[in-house]
Amino acid sequence: TEPIKTALSKTDILRYGRQLILPEIGMAGQLRLAQARVIVVGAGGLGCPVLQYLAAAGVGHLGIVDDDVVDVSNLHRQVLHSEARVGIPKCDSAIANLKGLNSSISYRAHHLRLDSSNARSILEQYDVIVDATDNVATRYLLSDAGVLLGKPVVSGSALRGEGQLTTYHFENGPCYRCLFPTPPPAETVTNCSDGGVLGVIVGIIGTLQALEVLRIIIGQGAAWSQKMLLLDGFDGQLRTIKLRGRRDTCVACGENPAVTDFIDYEEFVGTRACDLTTEVKLL
Amino acid sequence: TEPIKTALSKTDILRYGRQLILPEIGMAGQLRLAQARVIVVGAGGLGCPVLQYLAAAGVGHLGIVDDDVVDVSNLHRQVLHSEARVGIPKCDSAIANLKGLNSSISYRAHHLRLDSSNARSILEQYDVIVDATDNVATRYLLSDAGVLLGKPVVSGSALRGEGQLTTYHFENGPCYRCLFPTPPPAETVTNCSDGGVLGVIVGIIGTLQALEVLRIIIGQGAAWSQKMLLLDGFDGQLRTIKLRGRRDTCVACGENPAVTDFIDYEEFVGTRACDLTTEVKLL
Amino acid sequence: CASPFAPQLHCRCCLASGGAELLVRGVKRHNLELPDAVQKMRDLLAWVRTTLIAERPELFMQNDTIRPGILVLINDTDWELTDELDYVLREGDSIVFISTLHGG
Amino acid sequence: CASPFAPQLHCRCCLASGGAELLVRGVKRHNLELPDAVQKMRDLLAWVRTTLIAERPELFMQNDTIRPGILVLINDTDWELTDELDYVLREGDSIVFISTLHGG
Ligand SMILES: [Zn+2]
Ligand SMILES: [Zn+2]
């Protein structure tokens, strides 16, 4: 573990000057950013813009979890990767790009699939969890991680022309299980590789996730706790809806939690985390 | 001028497959994207995400206008640039990055400041104008260009924690002059270099501008014509407001236009386009 | 029906998104004229199931309520903050069914 | 005052953004209790100028109307689509002054 930064350098002040002068950031806020540790789970369509704007803003420690390699069919939406890096791990491809943008950040690649055996040791090293994944099993895992480890989870998702964004387990807001105690039928779950997605939709949701992370780090609170942002790109609509709060009876974050450790999430949702083999895609 | 693409290649289908399968895009929509010519004025905070997502989506011809060079203080928000390219023209820096993401696009750098002497010959080569500038004079110029040359103008702006997005001169929507017949007092105008901006705000507005451009190209219409999207990042709010339509009495797009050619915009707004020297910044 | 940005009057607007629209004829916006028998959300769900859903109603409802993974909004608010199945519909209410997305 | 996402009742909400808040004590949300003499937008502008604006009122108003570069919204709609200065205020109206941004 590296030493914690305790003051901004002259170089920092030059680089971040245009955001330092905002009263909501200031020297204190910029130092909090430099000290912050954020883990982005998924270096795909959502993860790329999240990482790009967190690195640019000076978030000091960025972890990336992804077990996939860059494919040419990713490049219409995964803007940190490149033609030259097709075939190499997305973690490494993302870091190669990010280092060019901001070499002063400490980047850490976790080239693996998160599961109940490795989630705790990885996620406990970070302050904020960004859910930029593409499957239900990992979403339950990350929500439980937020509750078990006491960290907020900034969660984005997208499919076709639509996107959704909400923050779980922040102050009195709900966790994923408060909203969805029971997983959806496996046959109703479609991911971007199967269902398609307009690339800029993940760009919009990802940049909004980055904003939410920055707000949480500088102490402005979450904008989308107990709320969900809905984007319909083809309808041209952005709406914010009001969600329930934390459920007393929630098995994860309620008064008497039954979920006291990570479980087998693929078994729980009844489908493989990577969703490679779903067949009926009605929803 | 290059030949116009009349069919998608097998490589295109592999690369864009995940968006091709959307009914709103399809083979026809993807071909329209390949044939489209978009000019992005400003390769700064707004221009970077616009260019990134338009190039990724396969917009065939991208022009970039910018007369500035990359500075280290840009890197907190201008995510196409890099530490290694500090000091080189932003047009070239942007294109270097974009070529890595999608080498099949034809990129064109216009390394200059737009004014009444060069605007027509440059802008008439394109189908859609993206206003990603940082000053009032160029905003009037681009709006007039939209009217004089018959092209929609997708306009974004940002400052501090706020952003705004609207599309001018699309179908019966207003132009910039319909909304603002008189320029604001020069002393009330602040740009990002002076007033500061949270980097991710331009990221959000820029990705939304890219969505708007894609909608226009594929024939879905503009989502923000006669509407303005307001983002307040520190308040955590996104709102869409309803604007007036085209004004019959508008000097540019009205029934009896007085503005029949480009004018001297710096004189019109009473300040230099680059806003380098404003002093009182009450607004 | 009216856009969510305008007041909704004289219609009971029913919106589906996130994929839930694929269950209701692939259409996102339905301007419903409901029979008098439909008074509560309980009645509306049953009515939507029999009237709008052509096949596989079990992907819309399970055990007389909405199936897991679909959020129900009444006037842009999670129906858990209302009386849910017992909520009494009012003229102009906007009802939204959102299938949560999992892609990224 | 109420957030723009909730219905505004019993308050006349006045919001300033895009920099216009710097004119009204740096505060974005004002929950105004207006005197009976303020009936129309014309009255409101004059009242805001004398009551909320400490210095340089010419950056808020010019020639008895709003100065160029500030958009006025009444209930999220451009006031040009209403009676503008002659618009009669109603209980709960949301009034927004937005200074347009020029940075990028
Ligand atoms: Zn919970
Ligand atoms: Zn006009």
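All chains are named by letter (A, B, ...) in the order of the sequence lines, taking the proteins before the strands, and each is independently numbered beginning at 1. Any value given below was found using the heavy atoms of this structure, including those in side chains, with hydrogens, waters and symmetry copies removed.
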Chemist: Using 4.0 Å as the upper bound for N to carboxylate O, is an ion pair formed by A/Asp12 and A/Lys5?
Modeler: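 Judged by the 4.0 Å cut-off on N to carboxylate O distance, A/Lys5 and A/Asp12 do form a salt bridge.
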Chemist: For B/Gly161 versus B/Ile201, what's the shortest heavy-atom pair and its separation?
Modeler: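 Reported closest heavy-atom pair: O-CD1, 3.3 Å.
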Chemist: Tell me the closest heavy-atom pair linking A/Arg85 and A/Val70, and the distance in Å.
Modeler: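 Taking A/Arg85 first and A/Val70 second, the nearest heavy atoms are O-CB, 3.5 Å.
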Chemist: Do any N or O atoms from the side chain of B/Thr207 and from the backbone of B/Gly203 form a donor-acceptor pair under 3.5 angstrom?
Modeler: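 Present.
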Chemist: What part of A/Leu20 is in contact with chain B, defined as an atom under 4.5 angstrom from a non-hydrogen atom: side chain, backbone, both or neither?
Modeler: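 Neither part; nothing is under 4.5 Å.
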Chemist: Counting heavy-atom pairs under 4.5 Å to chain B, which of A/Gly233, A/Ala222, A/Ala210 comes out on top?
Modeler: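 Top count of heavy-atom pairs under 4.5 Å with chain B: A/Gly233.
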Chemist: Which residue out of B/Val72, B/Val79, B/Leu80 racks up the most heavy-atom pairs below 4.5 Å with chain A?
Modeler: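 When all of B/Val72, B/Val79, B/Leu80 are compared, B/Val79 has the most.
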Chemist: A/Lys90 and salt bridge (charged side-chain N to carboxylate O under 4.0 Å, His left out): which single residue from A/Asp66, A/Asp71, A/Asp68 fits?
Modeler: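 Of the listed residues A/Asp66, A/Asp71, A/Asp68, the salt bridge (charged side-chain N to carboxylate O under 4.0 Å, His left out) partner of A/Lys90 is A/Asp68.
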Chemist: With a 4.5 angstrom heavy-atom cut-off, could you sort out which part of A/Ile25 is near chain B: side chain, backbone, both or neither?
Modeler: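 It is the side chain, since no backbone atom gets that close.
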Chemist: Below 4.5 Å from any heavy atom of chain A, which atoms of B/Leu22 appear? Answer side chain, backbone, both or neither.
Modeler: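 Just the side chain, heavy atoms under 4.5 Å.
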Chemist: Which bit of A/Arg215 is near chain B, if near means a heavy-atom gap under 4.5 Å: side chain, backbone, both or neither?
Modeler: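 The side chain, not the backbone.
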Chemist: For the candidates A/Pro23, A/Ala84, A/Ser73, A/Ala223, which exhibits the highest count of non-hydrogen atom pairs separated by less than 4.5 Å from chain B?
Modeler: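 Between A/Pro23, A/Ala84, A/Ser73, A/Ala223, the count favours A/Ser73.
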Chemist: Could you look at A/Ile218 and say if it's the side chain, the backbone, both or neither that has a heavy atom under 4.5 Å from chain B?
Modeler: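 The side chain, not the backbone.
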Chemist: Quick check on B/Leu214 against chain A: is it the side chain, the backbone, both or neither that has a heavy atom closer than 4.5 Å?
Modeler: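 Interface part for B/Leu214: side chain.
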Chemist: Tell me, for B/Leu229 versus chain A, whether the close heavy atoms (under 4.5 Å) come from the side chain, the backbone, both or neither.
Modeler: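 For B/Leu229, the side chain is the part near chain A, not the backbone.
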Chemist: Checking heavy atoms, do the side chain of A/Gln220, its backbone, both or neither come under 4.5 Å from chain B?
Modeler: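 It is the side chain, since no backbone atom gets that close.
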Chemist: Between B/Tyr53 and A/Pro49, which heavy-atom pair has the shortest distance, and what is it?
Modeler: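 Looking at all heavy atoms of both residues, the closest pair is OH-CG, 3.6 Å.
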Chemist: Check whether B/Gln226 reaches the backbone of B/Thr167 with its side chain - one donor and one acceptor, N or O, closer than 3.5 Å.
Modeler: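 Here the side-chain-to-backbone pair does not exist.
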Chemist: Would you say the side-chain atoms of B/Gln164 pair up with the backbone N or O of B/Gly156, donor to acceptor, closer than 3.5 Å?
Modeler: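 Not a single qualifying donor-acceptor pair exists.
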Chemist: Check whether A/Leu208 gets within reach of chain B through its side chain, its backbone, both or neither, counting any heavy atom under 4.5 Å.
Modeler: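 The answer is both parts of A/Leu208.
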Chemist: Should we say atom NZ of B/Lys99 is surrounded by more than 12 heavy atoms from elsewhere, each under 6.0 Å from it?
Modeler: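 Incorrect, the count does not exceed 12.
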Chemist: For each of A/Gly221, A/Gly58, A/Ser103, tally heavy-atom pairs with chain B at distances under 4.5 Å, and name the one with the top tally.
Modeler: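 Of the options given, most contacts go to A/Ser103.
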Chemist: As an exercise: rank A/Gln78, A/Glu212, A/Glu83 by heavy-atom pairs under 4.5 Å with chain B and give me the winner.
Modeler: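 Result: the option with the highest number of such pairs is A/Glu83.
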